[in-house]
There are 2 protein chains.
Amino acid sequence: MATRVARTRLRLRKIPRQQRSAHMVETIVEAAARILETRGLAGFNTNAVAERAGVSIGSLYQYFPSKEALIAALSDRERKRLVAGIAETYRQAAAPDLVSALRPLVRAAIRQQLARPALARALDFEEQRLVLNEADRRTTQDIAGVVMALLGRHRRQVAVHDLEEAALDLIAIARALIDGAASRGHVEPAGLESRIMRAVLGYLTGRANVAA
Amino acid sequence: MATRVARTRLRLRKIPRQQRSAHMVETIVEAAARILETRGLAGFNTNAVAERAGVSIGSLYQYFPSKEALIAALSDRERKRLVAGIAETYRQAAAPDLVSALRPLVRAAIRQQLARPALARALDFEEQRLVLNEADRRTTQDIAGVVMALLGRHRRQVAVHDLEEAALDLIAIARALIDGAASRGHVEPAGLESRIMRAVLGYLTGRANVAA
DNA sequence: ACCTGAACACCGTTCAAGT
DNA sequence: ACCTGAACACCGTTCAAGT
């Protein structure tokens, strides 16, 4: 039942050592981003990416062992930006209380996602299909780590026990609402931020009323 | 930027009139469900579905104009079950207050999604890729309609203005948390229900704290 | 009318030949 | 060493031939 994915199918075939080849990898990844944004997933094919990047299809496969590896690399790049933004935001925030600690993170996530919305949405779907590779999983864990640290710091204000589960759930909520807003074309960051904050705070502090 | 999808590419090519052909369509759709569940999206191809259903590939295409139409039909079937379950639950609920009105809906959604979890998750992704066809969109609107009715009835207890936006957001939250739990293999309905309820109630009743 | 499956087109991927 | 692109394999889809 588990979808098996050979690790190597998603990694770079070799690490580019020279500046020229590093640049080539970057060019291919950015070409992939452009194709994904302009033609969507249906129009995304390796030959188109190679052509857009101005390299032969063979050269593309010299670095990327599969189409999925190409998407994984693109996904890595975008997620690294997200993690960097969130970690940096967290470091800078004074964070006197839970609400003001969470809000900047929500904002950072919204900003990142809406910078290139079509790309972000397409990647969110694709990533789940790929049964994320190690690096992607690590990145999600990195973000979850920041959120867990934040929750730990404000532990007295939260009513949840499993901090990891909570962190993953909160990330899922934020992503779902951001993607939904983007897909409806209603992108009004302040309102979106408020809706995410309410759901997140409800999750963290609400009374469960578990009994039926 | 908008992905154009010809309506006809997602609909049945013709409505089966005889019992035999209706049965054939049903057999094909169930074969599609089985293939999707057992081999995943990567292993899902039309030839495999036709073979599993015991019909020729040509016969499959006599009813389904494309692979996407096949997924759309499967998606329709599952969503109709979901809508029926939710509408029925709503009709039966006494609903003295917001919390006890929402809880049965959350339960119905969890039950449906976890009945065939691999299928439900695969469909959630695919549906978004397809830029949902009319029927799918209508189905989502149907569920949103039920949720909006519920919110309208308890309007005094909710702090949101845009009931449609709220309904769509709440559905997105529930789906994200259910899919996440299923993908992690942590499926413990009572806990999941509580987490969804807290997020949903926070969204509906929480103070926004909109000012930065 | 409906069914069949060989055949076509497209795209992911490889590899022999070239530099 | 690295690049090229023709060629192969797989799969979505069609359509001429059969019943």
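These numbers were taken from a predicted model, which means no experiment stands behind them. Every chain is numbered from 1, with letters handed out A, B, ... down the list of sequences.
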Between CG of B/Asn45 and C1' of C/dC10 the distance, given in whole Å, is 15 Å
- Within a radius of less than 6.0 Å around CD of B/Glu88, do more than 12 heavy atoms belonging to other residues, nucleotides or ligands occur? yes
Rounded to whole Å, the CE-C1' distance (A/Met24 to D/dT4) equals 11 Å
Between CD of B/Glu51 and C1' of C/dG5 the distance, given in whole Å, is 13 Å
Separation of C/dA1 atom C1' from B/Gln62 atom CD, nearest Å, is 8 Å
B/Ile71 atom CD1 is separated from D/dG12 atom C1', nearest whole Å, by 12 Å
Ignoring hydrogens and geometry beyond distance, is a side-chain donor-acceptor pair present between B/Thr38 and B/Arg34 at under 3.5 Å? no
If you count heavy atoms of other groups shown closer than 6.0 angstrom to CD of A/Glu30, is the number above 12? yes
Q.
Please classify the nucleic acid contact of A/Asn47 as base, sugar-phosphate, or nothing, using heavy-atom distances under 4.0 Å.
A. base
Any side-chain N or O of B/Thr46 under 4.0 Å from OP1/OP2 of D/dG12? yes
Per atom distances to the B/Ser56 side chain, the nearest of D/dC3, C/dG12, C/dG5 is C/dG5
Whole-Å distance, A/Ile35 CD1 to C/dG12 C1', equals 15 Å
Separation of C/dC2 atom P from B/His23 atom NE2, nearest Å, is 17 Å
Out of D/dC2, C/dT13, D/dG12, minimum distance to the side chain of A/Lys67 belongs to C/dT13
Would you say A/Tyr61 places a side-chain N or O within less than 4.0 Å of OP1 or OP2 belonging to C/dT13? yes
The Watson-Crick or G-U wobble partner of D/dC11, with both key distances under 3.5 Å, is none
- side-chain contact (heavy atoms from CB on, under 4.5 Å) between A/Tyr203 and B/Val200: does it pass, once the steps are laid out? CA-CA 8 Å; A/Tyr203 181 104; B/Val200 163; over 6 Å; no
Paired to C/dA16 by Watson-Crick or G-U wobble criteria (both distances under 3.5 Å) is D/dT4
Is there a side-chain polar atom (N or O) of B/Ser59 under 4.0 Å from OP1 or OP2 of C/dT4? yes
Between CZ of B/Phe64 and P of D/dG12 the distance, given in whole Å, is 15 Å
Winner on side-chain proximity to A/Ile57, out of D/dC11, C/dT13, C/dA6, is C/dT13
Just call it for B/Phe44: base, sugar-phosphate, or nothing, with non-hydrogen atoms closer than 4.0 Å on any strand.
sugar-phosphate
**Request:** Determine yes or no for a side-chain-to-main-chain donor-acceptor pair under 3.5 angstrom, with A/Thr89 supplying the side chain and A/Gly85 the backbone.
**Result:** yes
